Number of protein chains: 2
Amino acid sequence: MSVTIKKIAKDLNLAVSTVSKALRDSHEISAETKARVFEYAAKLDYIPNPYASSLKKGRSGNIAVVLPEVADSFFSAAINGIESIAHDKGYHTMVYLTHEDVQREQSIVREFRNGRVDGVLMSIVANDEKYEHLTELYANKIPLVFFDRVCESIETASVVTNDFDSAYAAAKHLIDQGSKRIAFLSMPGELAIIKHRHQGYTQALRDHALPERVVFCTDNEDENNAIIEQLLTASDRPDGIIGSIEKVTMPVYKICHAHRIAIPYDIKIIGFSHLQIASLLDPPLTTVTQPAFEMGKAAATILFKALEKKYNLKNERIIIPSVLNVRASTHTMSIENK
Amino acid sequence: MSVTIKKIAKDLNLAVSTVSKALRDSHEISAETKARVFEYAAKLDYIPNPYASSLKKGRSGNIAVVLPEVADSFFSAAINGIESIAHDKGYHTMVYLTHEDVQREQSIVREFRNGRVDGVLMSIVANDEKYEHLTELYANKIPLVFFDRVCESIETASVVTNDFDSAYAAAKHLIDQGSKRIAFLSMPGELAIIKHRHQGYTQALRDHALPERVVFCTDNEDENNAIIEQLLTASDRPDGIIGSIEKVTMPVYKICHAHRIAIPYDIKIIGFSHLQIASLLDPPLTTVTQPAFEMGKAAATILFKALEKKYNLKNERIIIPSVLNVRASTHTMSIENK
DNA sequence: TTGAAAGCGCTAACAA
DNA sequence: TTGTTAGCGCTTTCAA
């Protein structure tokens, strides 16, 4: 049996309400009483029951972080940023993984509508226009902040990176390095990040009058390998590749190694990735690096602003730029080795 | 205002208790009434308030996962394993990061003592014998399962890997490849995993009459780089390195690249690491790979067994073996390229 | 400055 | 089979 306010009140010959107020340092209570209560509570190691106060106050002190997966280094870094802010604010972080499954996302989000969490941070599943669960959440007045993968049809705050510009810069970089046949490894679904990256790629290729080529990967690793193997062993093999998300880029390396396709000589590769160890790959991978930690922090900060001040979340949009790290996978002179 | 049992009861002219039982599919309630209640609840999109039932039943439906960090790929994979089991069991997963800070670990764990979570999975912070917060948690009858980094002075269940044996195997492998001066990159603190790996290393070197050399790294990246740089540029440079945890191995690669120390010719490297992309490093890194996902799953499975059946957690210990993946960083013939 | 009492939404013992 | 009631631990009027 754990120690409750009731027990403290009884032992100290006070009313529960007095103890409650004293613990919250209310001005209604005399300094002397407060001191007695504090001391005794500390002695008994009193820890408030979170459910009782949540029930009463209608706030849980929890936030939800909903992610497609956590193996991806981007999301690991984001959780780091989020948890650090949440902890500072005295909130607890609940993590939910959707594994790119819309149904799972729906059932997870649905449960948020009855108070388990006070606010939600999420990066949505790639899918074709199934957003009712999100609109409902939004309608239920539960603050929602998107980061990285946003749902553009819902008018709430979001933290993103400059996907169009950085994809344009990535393609431009390949073109400058002499690539003529540049393929874009995409993913099916309606993800805004993919769409914007695709658009940036397209724009750059059109600006330079080069042919576009989009290859759709999947969530299945074996299928992906097959798709990429086919791409790289065909007669019209591209001489430049842009991997739109982290997990489509690694297979390219594997297949190139397996088939002795020389990077960057036969083919140049650039990947959207947060990988710390991109520089240690063979050869070091040129990346467009998203500021994951900062994006997580920024998203959490906005969410808490909303939670604390009943601040309105409509339409705020924070853009944190990505960085192009040029390394040997796109450059025949080793540029960077650190 | 969200929909409550009270509202359903009122609208349907039933008592709240009847509705409550009906929703839980109690045999006390007639099929007809149940049908009415279910239908109406579905129509109103009723979602139970988790705090009310937690308060009443004394269970939260949450578990805590306490980790040193999440950037490490081992812990990301573990979270994956844990969350997947938790979700299947209808539990929610709260994530806490200690950032290798004992004080933070203490304050986090302390809060668990009043019901916010029903059970705890943790990988402890490396520290020198400060375990009161854990003993107290254990004394409070909150089920606790350690995974990977265990606290051996507390008699509860744990899921670990065979650290001694795999460190022995790693050292033996280097010896077989011709290394004579093998250094072990350790970490300060009292972590059992480090201790066991160290012991395995020591045993192997003694068995082969080779000199031991232990180098202590730190949590600070810059300091680490300095320590390793000194190690690798001194005249008595080792010709073999065992990195005891993931984050001490990467700097070795960087420094070797920077100083043009040829792996595996000048030095052979093997690291304890869960990295998927070890095979893509330059050169591919030989690793001792821990079964992170499986360990997370196993730990969660035990915890739920304890939560559901009041099963006793004392002393159970599951050992899931690590795997030695030989790659080019320890071997002059390329063994594996996939 | 302190206390009594109501109630957050739900469950469970007991009564009808 | 259904309803009444008490209460989980806490906060918050309102009264003393």
Side-chain angles (χ1 to χ4, degrees), chain A residues 1-38 40-41 44-62 90 111-118 140-141, chain B residues 1-38 40-41 44-62 90 111-118 140-141:
Chain A
M1 206 53 217
S2 63
V3 23
T4 67
I5 281 192
K6 200 192 228 167
K7 173 165 176 49
I8 297 179
K10 195 174 152 201
D11 291 0
L12 255 38
N13 265 318
L14 291 170
V16 282
S17 57
T18 308
V19 175
S20 172
K21 287 173 197 161
L23 288 171
R24 323 195 91 243
D25 205 14
S26 161
H27 56 271
E28 297 179 26
I29 305 297
S30 73
E32 190 201 2
T33 306
K34 276 190 208 170
R36 281 176 67 212
V37 171
F38 276 129
Y40 193 64
L44 294 196
D45 200 11
Y46 168 73
I47 305 171
N49 180 313
Y51 299 114
S53 62
S54 289
L55 182 56
K56 188 67 193 167
K57 298 201 291 193
R59 311 180 24 250
S60 65
N62 299 329
E111 269 211 68
F112 295 158
R113 306 225 309 276
N114 227 322
R116 182 158 235 130
V117 298
D118 298 336
N140 270 44
K141 307 273 179 223
Chain B
M1 205 54 217
S2 64
V3 23
T4 68
I5 281 193
K6 199 193 230 169
K7 172 163 175 50
I8 296 179
K10 194 175 152 202
D11 291 359
L12 255 38
N13 264 318
L14 291 169
V16 281
S17 60
T18 308
V19 176
S20 172
K21 287 174 198 158
L23 287 171
R24 323 196 92 244
D25 206 13
S26 161
H27 55 270
E28 295 179 25
I29 306 296
S30 73
E32 191 203 1
T33 306
K34 276 190 208 170
R36 280 177 67 211
V37 170
F38 276 129
Y40 193 63
L44 294 195
D45 200 12
Y46 168 74
I47 305 172
N49 180 314
Y51 299 114
S53 64
S54 290
L55 182 56
K56 186 68 192 164
K57 299 199 292 192
R59 317 179 20 251
S60 66
N62 298 330
E111 268 212 68
F112 294 158
R113 307 225 307 276
N114 227 320
R116 181 157 236 132
V117 299
D118 298 336
N140 270 44
K141 306 271 180 226

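Quantities reported herein were computed from a predicted structural model and do not represent experimental measurements. Numbers restart at 1 for each chain; the letters A, B, ... are given by sequence-line order, proteins then strands.
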Sugar-phosphate, base or nothing in reach of Thr18(B), heavy atoms under 4.0 Å: base
Phosphate OP1/OP2 of dT2(C): any Ser17(A) side-chain N/O under 4.0 Å: no
Touch class at under 4.0 angstrom, heavy-atom based, for Ile5(A) against every strand present: sugar-phosphate
Sub-4.5 Å side-chain heavy-atom contact between Val37(A) and Leu12(A): yes
CG on Leu14(A) to CD1 on Ile5(A), rounded to 0.5 Å: 11.5 Å
Closest listed nucleotide, where the reference is the side chain of Lys21(A) and the choices are dC10(C), dT13(D), dC14(C): dT13(D)
Which nucleotide in dT4(D), dG9(D), dG3(C) has an atom nearest any side-chain atom of Ala15(B): dT4(D)
Nucleotide of dT1(D), dG9(D), dT2(C) approaching Ala52(A) most closely (side-chain heavy atoms): dG9(D)
Separation of atom CZ in Arg116(B) from atom P in dG9(D), rounded to whole Å: 16 Å
Spacing between Leu12(B) atom CG and dG3(D) atom C1', to the nearest angstrom: 15 Å
Short side-chain N/O contact to dT11(C) OP1/OP2 from Tyr51(B), under 4.0 Å: no
5′-ward residue of the pair Glu28(B)/Glu32(A) relative to DNA chain C: Glu32(A)
Whole angstrom value for the distance that separates P of dG7(C) from CG of Leu55(A): 14 Å
Contact under 4.0 Å: Thr33(A) side-chain N or O vs dT2(C) OP1/OP2: yes
Asp25(A) CG to dT11(D) P, straight-line distance once rounded to whole Å: 13 Å
Lys57(A) side-chain proximity, nearest of dA12(C), dA4(C), dT12(D): dT12(D)
Candidate nucleotides dT11(D), dT2(D), dT11(C), ranked by approach to the side chain of Arg24(A) - the nearest: dT11(D)
Sugar-phosphate only, base, or nothing, as touched by Asn13(B) at under 4.0 Å among non-hydrogen atoms: sugar-phosphate
Touch class at under 4.0 angstrom, heavy-atom based, for Ser54(B) against every strand present: nothing
Rounded interatomic separation in angstrom, taking NZ from Lys6(A) and P from dA5(C): 14 Å
Sugar-phosphate only, base, or nothing, as touched by Ser20(B) at under 4.0 Å among non-hydrogen atoms: base
For atom NE2 of His27(A) and atom P of dT1(C), their distance in whole Å: 9 Å
Ser54(A) side chain vs Pro50(A) backbone, donor-acceptor pair below 3.5 Å: yes
Residue whose nearest DNA chain D nucleotide is more 5′ - Ala31(B) or Ser53(A): Ala31(B)
Pairwise distance CG(Asn13(B)) to CD1(Ile8(B)) - rounded to 0.5 angstrom: 13.5 Å
Closest nucleotide among dC10(D), dT2(C), dT5(D) to the Val16(B) side chain: dT5(D)
Touch class at under 4.0 angstrom, heavy-atom based, for Lys56(B) against every strand present: base
Whole-Å gap separating P (dT2(D)) and NZ (Lys10(B)): 21 Å
Side-chain heavy-atom pair Val3(A), Asp45(A) within 4.5 angstrom cut-off: no
Thr4(A), nearest nucleotide to its side chain (from dA4(C), dC8(D), dC10(D)): dC10(D)
Tyr51(A) side chain to Arg116(B) backbone, donor-acceptor under 3.5 Å: yes
Separation of dG9(D) P from Leu23(A) CG (nearest whole Å): 15 Å
